[in-house]
Undergrad: 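Provided herewith is a single structure, encoded as structure tokens, for subsequent inquiry.
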Amino acid sequence: MARVPPPPLLLLTLLFFARISGLGVAVLVLFWAVSFKSSFLPPSLSQQDLIYAVLHPLFMVIGFILLSGEAILVHRWLPGSRGLKKSVHLCLQGVALASGIFGIWTKFQGKDGIVANFYSLHSWMGLICIFLFGVQWLIGFLNFWHRGEVRAARIRILPWHVFLGLYTYALAVATAETGLLEKLTLLQTKRNVSKLYAESIVVNSLGLGLALLSGFVILAAVSPKHQTLQSKLLYSDTRCLSS
């Protein structure tokens with residue numbers, strides 16, 4: 001059996017900065033939710049409504065974006081067999097999907113009802129993102145349990161699976177950015193929050209952190225890792241299928 005060489009320095013550097021960016025994003029969204037609670041709902045509404053409003057960004061950013069990004073990176077750093085990597089990848093994606101569904105469900109609990117919470121570009125992009133993510137996870141789940149029967153089909157679908165996964169992840173980050181912009185615009189127009197106010201700086205920093213995180217995750221996902229070994233494995237699979 002060929003020995004798998006260690007990841008190159010570039011990949012290790014990208015993984016390091018992806019983790020640092022993810023940690024910064026998690027700290028910023030937690031700080032925003034805890035320190036500026038009044039920005040999520042007017043004081044006249046109940047404490048339960050406030051909890052739902054705060055849970056939405058926490059589950060969508062930490063539970064959905066950060067976990068789905070980590071699932072993408074699993075194939076780049078986790079040692080062991082391909083089956084183990086796929087299992088961990090599938091589990092992390094499943095938790096991320098559940099977090100995303102719950103994060104959207106929190107918007108259903110608003111006082112104004114469901115329709116009032118799905119009128120903006122941010123909400124439409126979010127629904128499309130969750131739908132694509134769910135389809136992607138379901139296809140991966142079915143392929144995982146039917147590896148032998150659909151091996152030829154999996155090889156043909158793999159490039160599209162990778163593309164859709166990265167596209168959905170990028171769409172999730174873009175959706176979060178539109179949500180931050182929507183929230184910040186609302187604060188600055190209706191509540192006269194200064195552009196140099198502490199909350200404005202936190203929200204802008206969170207948006208910048210998400211942009212950096214997505215860049216590091218996607219670049220780490222597409223960067224070469226032991227290209228020679230992968231080429232041999234792909235060539236071997238192709239010969240086995242054609243014989």
Undergrad: Cluster question for you: counting only ILVMFWY and a side-chain heavy-atom cut-off of under 4.5 Å, with indirect links fine, are L30 and F36 together?
TA: yes
Undergrad: I'd like to know whether L181 forms a side-chain contact (heavy atoms from CB on, under 4.5 Å) with V203, so could you lay out the CA-CA distance, the side-chain angles of the two residues, the decisive distance to 0.1 Å, and finally the verdict.
TA: CA-CA 8 Å; L181 180 60; V203 175; over 6 Å; no
Undergrad: Can you confirm whether or not the ring centre of F64 sits under 6.0 Å from the ring centre of F133?
TA: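 Ring centroids of F64 and F133 are less than 6.0 Å from each other.
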Undergrad: Can you tell which of F102, F108, W105 makes a ring pair (Phe, Tyr, Trp, His ring centres under 6.0 Å) with Y52?
TA: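 It is W105; the other options fail the test.
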Undergrad: Treating S123 as the side-chain partner and S120 as the backbone partner, does any N or O pair qualify as donor plus acceptor under 3.5 Å?
TA: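 Checked: pair present.
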Undergrad: According to a hydrophobic-cluster definition based on side-chain heavy atoms being under 4.5 Å apart (Ile, Leu, Val, Met, Phe, Trp, Tyr only), do V95 and V25 belong together?
TA: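 Yes; tracing contacts between hydrophobic side chains, which count when under 4.5 Å, links both residues.
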Undergrad: Count I, L, V, M, F, W, Y as connected when their side-chain heavy atoms are under 4.5 Å apart, and connections chain through other members. Are V135 and F163 then in the same cluster?
TA: yes
Undergrad: Backbone N or O of A18 within a donor-acceptor pair of the S21 side chain at under 3.5 Å?
TA: no
Undergrad: With hydrophobic residues grouped by side-chain heavy-atom distances under 4.5 Å, do L23 and Y169 end up in a single group?
TA: no
Undergrad: Within the distance-only criterion (no hydrogens, no angle test), does the side chain of W137 pair as donor or acceptor with the backbone N or O of L90 below 3.5 angstrom?
TA: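 Yes, W137 side chain to L90 backbone: donor-acceptor pair under 3.5 Å.
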Undergrad: Drop me the distance from T178's OG1 to M125's CE, to the nearest 0.5 angstrom.
TA: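 Answer for the OG1-CE pair, T178 versus M125, is 5.0 Å.
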Undergrad: Atom NZ of K107 and atom CG of L55: how far apart are they, to the nearest 0.5 Å?
TA: 11.0 Å
Undergrad: Using a 3.5 Å distance criterion without hydrogens, assess whether the side chain of R76 forms a donor-acceptor pair with backbone atoms of A220.
TA: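 At least one qualifying donor-acceptor pair exists.
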Undergrad: Measuring from atom OG of S223 to atom CG of L15, what distance do you get when rounded to the nearest 0.5 angstrom?
TA: 7.5 Å
Undergrad: For the hydrophobic clusters of this structure (ILVMFWY residues joined by side-chain heavy atoms under 4.5 Å, transitively), does one cluster hold both V34 and L206?
TA: no
Undergrad: Taking atom CG of L171 and atom CG of L164, what is their separation to the nearest 0.5 Å?
TA: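 Going from the CG atom of L171 to the CG atom of L164 covers 10.0 Å.
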Undergrad: Mark yes or no for whether H122, through its side chain, and T175, through its backbone, hold a donor-acceptor pair below 3.5 Å.
TA: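 Looks like yes, one N/O pair under 3.5 Å.
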Undergrad: To the nearest 0.5 Å, what is the distance between CG (L66) and CE (M60)?
TA: 12.0 Å
Undergrad: Between the side chain of H56 and the main-chain N/O of G103, is any donor-acceptor distance below 3.5 Å?
TA: yes
Undergrad: Would you indicate whether the side-chain heavy atoms of V54 and L58 approach each other to under 4.5 Å?
TA: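 L58 reaches V54 side chain to side chain.
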Undergrad: Is a donor on one side and an acceptor on the other found under 3.5 Å between the side chain of Q136 and the backbone of H161?
TA: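 Answer holds: yes.
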Undergrad: Roughly how far apart are Q93 CD and L138 CG, rounded to 0.5 Å?
TA: 13.0 Å
Undergrad: Show the nearest heavy-atom pair for residues L210 and A176, with the distance to one decimal.
TA: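 Smallest interatomic distance, heavy atoms only, reads CD1-CB, 3.9 Å.
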